[in-house]
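What follows is a set of notes on a single structure, which appears directly below.
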Amino acid sequence: MADDKKAPDPPKPAPKSPGFWRETWVRFRRRPGGMLALVYVVFMALVAIFAPAIAGTKPVMCKYKGHLYFPAMGYFNPKWENPIFQKDRFRKRYTPAKFKEKDPDSWVIWPLVYQDPFRRVGGEEWPGQPENPTGADGSPSRYNWFGTNQQGKDVFAMMVHGTRIALLVGFVSMGIAATVGITFGAIAGYFGGWTDIIISRLIEVVLCIPALVLILALLAIVEKATIWHIMAVIGLTRWTGIARLTRAEFLRLKQSDYVAAAKSLGASQLRIVFKHILRNGLAPVLVPITFGIASAVLLESGLSLLGFGTPPPNPSWGTILREGRDTIQQTWWLIVFPGLAIFFTVLAYNLIGEGLQEATDPRLRSDD
Amino acid sequence: MIHYFIRRLFVGAITLVLITFLVYALIRMMPGTPLTIVQAVGDPSMQMSEADQKRLEKAYGLDKPWPLGYLDWASKVARFDLGNSLSRKEPVVRLIGRRIGPTLLLTVSSLVLTYVLSIPLGLWSTARSNTIAERTVSMLLYMLYSLPSFVAALYLQILFAVKLEWLPLRGMKSIDYADLSAMGQAWDIFLHALLPVICFTYGSLAYYSRFIKSNMQEVIRQDYIRTAKAKGLTERSILVKHAFRNTLIPLVTLVGLTLPSLLSGAIILEMIFSWPGMGTLFFEALNERDYPTIMGLTLMFSVLTLAGQLLADMLYSVVDPRVTYS
């Protein structure tokens with residue numbers, strides 16, 4: 001402007017505008033509901049990680065014959081259970097009495113609650129704790145906080161260990177759904193033409209096929225369905241909404257100036273798609289992904305309730321509900337507690353989704 | 001306009017063929033056939049001989065590879081014949097016809113209830129926006145929206161059927177239904193339907209009233225609302241006549257999209273209440289590998305889904321003259 005005249009004030013550097021994620025976080029933090037929900041999810045994650053230390057019958061840590069062992073790791077993977085206990089004939093029952101008998105110098109850190117998600121705890125295992133009741137006698141008591149199921153397994157222990165499944169189902173299946181959905185949506189939106197028509201048809205077809213047919217048929221393909229198969233199948237059936245939204249975003253963004261600029265600079269198509277468009281189009285997709293996590297949790301418990309969940313020794317919340325439904329006349333505790341857990345989890349993800357929606361909505365950005 | 005819808009119909013027909021083809025392939029690839037599944041649950045004395053099984057397979061057309069089976073099914077459908085159920089030995093159409101009533105009873109009463117309750121609720125929460133009462137109601141509705149219907153169903157069953165014994169636990173009719181008077185029969189079905197209808201309704205009630213409220217809040221910022229206020233109209237007349245009418249457009253499209261769920265029912269809810277509707281039929285047919293019934297139901301659901309989308313688009317252009325398809 002006026003470089004030849006007297007030196008004007010140097011142009012003030014504009015204050016660095018906060019990045020997208022930072023701004024979203026600042027706006028999200030203002031919502032008490034969303035923050036509470038976030039705290040709940042973190043709490044759930046902690047419960048899932050420390051499940052064996054909260055409820056279990058295997059020592060979290062013990063000093064036995066001069067060495068430190070962590071038998072509770074066996075809850076994550078049976079192979080991680082130290083072989084020495086097998087050799088010393090613990091027969092998978094760790095009791096204080098056995099430790100004293102086999103090694104008087106040993107010391108043990110036990111889980112907070114001596115109950116097992118996979119079997120009924122017997123009478124002689126923990127000093128002063130009676131054998132778990134079964135059937136209609138298993139109402140909540142001081143030994144079984146949430147009662148026991150038909151076989152006398154402790155519901156609290158099952159739910160604590162089931163948290164891992166509830167958490168994994170949401171994140172793994174939605175991770176798969178997001179990958180598939182964003183890929184398809186991006187391809188359809190960016191390339192357009194025939195590719196778009198074919199992918200849009202595919203989306204419509206997947207939307208129209210009854211979800212249960214698709215899920216059951218896909219599950220039937222594998223011989224023995226594990227929780228991982230169920231997560232994969234839920235992910236492979238829930239990507240359509242994400243794909244539609246990504247497609248719409250790509251349709252909009254590929255017309256924008258910076259894409260034209262990148263093209264004229266000779267950027268490769270891959271670079272334009274992933275580096276330029278995807279980073280800008282990701283924000284609106286985040287919201288349906290969060291809501292999708294809620295619906296995945298719901299779907300898994302629904303499937304378990306219908307009897308298509310993971311095979312038995314698995315303590316998913318929906319499986320407990322199914323047992324409760326079969327004996328609804330007597331065993332209310334098999335329904336009330338897992339039902340609450342499912343409700344809170346779905347509510348938490350919905351609140352987070354809503355918080356994200358408001359935090360990323362550009363229409364609300366300018367007014368504060 | 002006409003061209004647009006003809007093209008939509010054409011594309012929809014192709015989609016239908018694709019869907020039914022895929023579903024047929026999927027269900028034929030599931031392990032077990034209608035014959036083996038029935039045997040697995042029946043007692044051993046009912047076991048079929050090898051020759052009998054071959055004969056039945058031939059009679060049902062299961063001996064052919066599945067693409068041919070699909071062609072058979074499709075050519076029958078083109079002649080308006082959905083075939084016979086394999087496990088129940090009766091035409092699929094009649095089977096569906098028998099189950100459609102109970103499902104409609106639940107879904108239609110729930111839809112009517114939803115509209116009757118959610119419109120006043122949405123208007124009320126717009127008018128009383130940000131008061132303590134409105135915030136409490138909104139929060140409760142939001143929690144209801146997150147409460148899974150099957151959890152609610154089980155809770156209501158424990159409370160009203162097991163503990164209080166006010167309402168029946170499951171089914172649609174009492175055992176002595178046939179002996180009741182006409183009024184008694186209606187009352188009996190009413191009692192049985194009460195809990196399922198509540199479970200069908202509360203979620204959509206929460207969703208619809210939030211939906212109406214958020215649409216209303218966008219509309220009341222418009223200039224013509226300010227004009228109406230400046231003219232000195234009453235608040236009620238502004239809300240109902242000027243604002244609400246303009247939020248009908250998204251509401252109408254929602255109606256089109258709920259069409260398929262009216263007939264499909266909800267598998268989990270119908271299973272929990274042992275309700276003899278479409279959801280239960282679908283579930284049973286899947287378990288029995290009753291291919292014609294599954295296909296008939298799938299065809300019906302997909303036609304309804306596609307028709308619902310088309311209807312939503314058509315209604316959209318009817319209620320909003322600015323929208324044209326050309």
Side-chain angles (χ1 to χ4, degrees), chain A residues 33 37 197 200-221 223 294-295 297-299 301-303 305-308 317-318 321-322 324-325 328-336 338-351 353-354 363, chain B residues 11-12 14-23 25-32 139 142-155 157-159 161-163 169-170 210 218 260 264 266-269 271-272 279 282-283 285-287 294-295 297-298 301-306 309:
Chain A
I197 291 175
S200 296
R201 264 339 70 198
L202 180 71
I203 293 173
E204 202 165 70
V205 167
V206 173
L207 261 180
C208 275
I209 294 181
L212 205 63
V213 170
L214 198 55
I215 289 175
L216 294 187
L218 287 176
L219 277 183
I221 293 172
E223 284 279 301
S295 80
V297 173
L298 217 82
L299 200 57
S301 1
L303 280 176
L305 187 64
L306 286 178
F308 296 107
W317 295 343
L321 269 189
R322 176 178 172 75
R325 197 235 162 198
I328 193 168
Q329 303 277 5
Q330 296 112 27
T331 53
W332 56 267
W333 55 88
L334 290 180
I335 290 171
V336 170
L340 271 182
I342 296 170
F343 168 48
F344 284 143
T345 309
V346 172
L347 180 63
Y349 287 128
N350 278 345
L351 281 173
E354 177 139 357
R363 283 179 303 175
Chain B
V11 171
I14 294 176
T15 315
L16 260 187
V17 172
L18 263 174
I19 292 168
T20 49
F21 181 74
L22 264 176
V23 170
L26 283 171
I27 57 174
R28 282 297 295 267
M29 277 173 201
M30 280 193 207
M139 204 176 72
Y142 193 73
M143 290 179 73
L144 273 186
Y145 171 67
S146 295
L147 178 65
S149 62
F150 54 87
V151 173
L154 291 169
Y155 279 15
Q157 279 186 331
I158 289 183
L159 184 63
V162 177
K163 297 285 172 203
L169 182 62
R170 282 170 200 162
R210 278 169 62 82
E218 235 158 71
S264 70
I267 294 173
I268 292 188
L269 276 182
M271 286 297 297
I272 290 178
F282 188 66
F283 187 73
L286 261 179
N287 274 343
I294 305 176
M295 289 308 290
L297 287 170
T298 308
F301 295 155
S302 337
V303 168
L304 283 173
T305 311
L306 295 173
Q309 285 170 3

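First the proteins, then the strands, lettered A, B, ... as listed; each starts at 1. Predicted model, so just to flag it, every value in this text is computed and none were measured.
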Subject >> Choice from B/Thr305, B/Thr20, B/Leu169, B/Val162 maximising heavy atom contacts with chain A below 4.5 Å >> reply: B/Val162

**OP:** Determine whether A/Val346 and B/Tyr145 make a side-chain contact, defined as any pair of heavy atoms from C-beta on separated by less than 4.5 Å.
**Re:**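 No, side chains not in contact.
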
Subject >> Nearest heavy-atom neighbours spanning A/Phe308 and B/Asn287 >> reply: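 Heavy atoms only, the tightest pair is CZ-OD1, 3.6 Å.
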
**OP:** Search all heavy atoms of A/Ile335 against all heavy atoms of B/Tyr155 and return the closest pair with its distance.
**Re:** O-CE1, 3.6 Å

Contact part of [X] toward chain B, heavy-atom cut-off under 4.5 Å: side chain, backbone, both or neither?
{"X": "A/Leu351", "result": "both"}
{"X": "A/Thr345", "result": "neither"}
{"X": "A/Leu305", "result": "side chain"}

**OP:** Quick one: which of A/Leu340, A/Val206, A/Leu207 has the most heavy-atom pairs under 4.5 Å with chain B, could you say?
**Re:**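 The residue among A/Leu340, A/Val206, A/Leu207 with the greatest pair count is A/Leu340.
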
**OP:** Report the option among A/Leu306, A/Leu321, A/Leu298, A/Ile342 that has the most heavy-atom pairs separated by less than 4.5 Å from atoms of chain B.
**Re:**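 When all of A/Leu306, A/Leu321, A/Leu298, A/Ile342 are compared, A/Leu306 has the most.
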
Structural part of [X] lying under 4.5 Å from a heavy atom of chain A:
{"X": "B/Met29", "result": "neither"}
{"X": "B/Leu147", "result": "both"}
{"X": "B/Ile19", "result": "both"}
{"X": "B/Arg28", "result": "neither"}
{"X": "B/Ile272", "result": "both"}

Original post:
To the nearest 0.5 Å, what is the distance between CH2 (A/Trp332) and CG (B/Leu154)?
Top reply: 14.5 Å

Original post:
What side-chain hydrogen bond (donor to acceptor under 3.5 Å, both in side chains) pairs are there with at least one residue in residues 204-216 of chain A, not counting sequence neighbours?
Top reply: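 The answer is A/Arg201-A/Glu204, A/Glu204-B/Thr15.
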
**OP:** Taking salt bridge (Lys or Arg N to Asp or Glu O under 4.0 Å) as the test, write out the residues that go with B/Arg210, two or more places apart.
**Re:**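 If we apply the salt bridge (Lys or Arg N to Asp or Glu O under 4.0 Å) test to B/Arg210, skipping adjacent residues, the hits are A/Glu354.
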
